[in-house]
Student: 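Quick one: structure below, then a few questions.
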Protein chains: 2
Amino acid sequence: MTRVSKKERHKKLMHALNGDPFLTDGDLANRCNVSIQTIRLDRMELGIPELRERIKHMAEEKFDSVRSLAPEEVYGEVIDLQLDHSGTSIIEIMEDHVFERNQIARGHYLFAQANSLAVAIVNSDLALTKSADIRFIRPVKLGEKCLAHAHVVAKKGQHIQINIETKVMDETVFHGVFDVYCLEEDVLSK
Amino acid sequence: MTRVSKKERHKKLMHALNGDPFLTDGDLANRCNVSIQTIRLDRMELGIPELRERIKHMAEEKFDSVRSLAPEEVYGEVIDLQLDHSGTSIIEIMEDHVFERNQIARGHYLFAQANSLAVAIVNSDLALTKSADIRFIRPVKLGEKCLAHAHVVAKKGQHIQINIETKVMDETVFHGVFDVYCLEEDVLSK
DNA sequence: TACTTATTTAGTACCTAGTACTAATAGTTA
DNA sequence: TAACTATTAGTACTAGGTACTAAATAAGTA
């Protein structure tokens, strides 16, 4: 006289955990009116890890995504850098960088790459972006690798003008002119 | 003969957990060369919850952010939004956002806030930043809260021009003019 | 130097949310 | 009725803690 079939319970279980992954085996047992052991056998069959593992997994994902948005001093991997002259960096567009709907990279990631590179090029402890004029030439899609190349075009006192062009393969996807303000220490002490 | 002072150990602890929140008390005890009890007293004093609670908290945040899809798309907390008209969002400058040396926020975080807001305002599934002209008016420091206010100034066909001004208290710190390209579905089907 | 306080360590009982296992019972079916 | 599946019960054990008591070890101060 099995009240509800195993299959049905399994469905219910999956659904319940989808709605609230923080349910313990005890909670699930109550919901399904079965013993805790039954729930554990069910999880085994369905390959559902225990509560603590589920939670840990979610936390790790969260942690990783925080990482990708708040990285080190430079956003992107610098592969070449001539201080006060030029530089190149790479980023690969990952899941976290794109709009869900259309898989297109959010513009500020491309900007972050360019901005980081511009500031990194300036040979100073106190370099800040003053202004920028940027253009997104074509959308960048998930999985594409963006190569940003920067070079200093002018240097007038504390203002340094840097041109940045970002390419995917041979196609230009982003272009920017950055005006970086450089407050050198010896200037400060004068 | 306390090898390392309590204060120093507390700092080390905070830093370690910031870098890796998945460390158990045992791990921390090893790193600091103290007993597990000392670590637990330290956590008490510093108000740091146990590993499982930390993990759970992160998982809950992740879960919440997955639930509400819209805010995930936006960098910053949107506190007001009138589609196709105006919007406001807030970000607080945290440790991760600043240069270590001078505690000044990296420009691309301010840009990310503005860019997200600009795209969010446009009432379309397919809104992409086409170009932007931005100015960093004064440096923003650690702990400051940035209020970005955006409003649509022009709409010509698929191009929408949005002005954004970001303030800390009453001071303008950032200004930008964004040109967002909006590919509406009915336009597509024509 | 002796007293006092702060800091650190040790150890116990208990908790949750499990795993891994054995054994028994209930219900169904050939 | 025997065989099988599904379910339940119960035990031993685990990690990573809490909450507590007690003791040992500095360190500061009168």
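All heavy atoms count here, side chains included; hydrogens, waters and symmetry mates do not. Order of the sequence lines fixes the chain letters, A, B, ..., with proteins taken first and strands second; residue numbering starts at 1 for each chain.
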Student: Any heavy-atom pair between the side chains of B:D25 and B:I36 that's under 4.5 Å?
Tutor: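 The answer is yes; the side chains approach within 4.5 Å.
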
Student: State, to 0.1 Å, how close A:E144 and A:P139 come at their nearest heavy-atom pair, and which atoms those are.
Tutor: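 Closest pair (atom of A:E144, atom of A:P139, distance): OE1-O, 4.3 Å.
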
Student: Let's see if you get this right: which residues in residues 50-58 of chain A place a heavy atom under 4.0 Å from DNA chain C?
Tutor: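 Correct list: A:E50, A:L51, A:R52.
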
Student: A:F99 and B:L128: which non-hydrogen atoms are nearest, and at how many Å?
Tutor: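 Answer, listing the atom of A:F99 first, then B:L128: CE1-CD2, 4.2 Å.
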
Student: In whole angstroms, how far is the P atom of C:dG18 from the CD1 atom of A:I48?
Tutor: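 Checked: the CD1 to P distance equals 12 Å.
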
Student: Among residues 22-45 of chain A, which residues get a heavy atom nearer than 4.0 Å to DNA chain C?
Tutor: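 Result for residues 22-45 of chain A: A:T24, A:D25, A:R40, A:R43, sorted by number.
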
Student: Are B:H97 and B:Y109 an aromatic pair by the rule of ring centers under 6.0 Å?
Tutor: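 They qualify: ring centres under 6.0 Å apart.
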
Student: Please assess A:F22 against B:K56 for the test side-chain contact (heavy atoms from CB on, under 4.5 Å), listing each intermediate value before the final yes or no.
Tutor: CA-CA 9 Å; A:F22 298 91; B:K56 196 176 173 187; 4.3 Å; yes

Student: Of the non-hydrogen atoms in A:A132 and A:F111, which two are nearest, and what is the gap between them?
Tutor: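 Closest pair (atom of A:A132, atom of A:F111, distance): CB-CE1, 4.3 Å.
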
Student: OP1 or OP2 of D:dA6 less than 4.0 angstrom from a side-chain nitrogen or oxygen of A:R9, does that happen here?
Tutor: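 No, because none of the side-chain N or O atoms of A:R9 sits under 4.0 Å from OP1 or OP2 of D:dA6.
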
Student: With A:T166, which residues qualify under side-chain hydrogen bond (donor to acceptor under 3.5 Å, both in side chains), at least two apart?
Tutor: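 Here no residue qualifies.
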
Student: Hey, is B:D84 close enough to B:K155 for a salt bridge, meaning N to O under 4.0 Å?
Tutor: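 Yes, this pair counts.
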
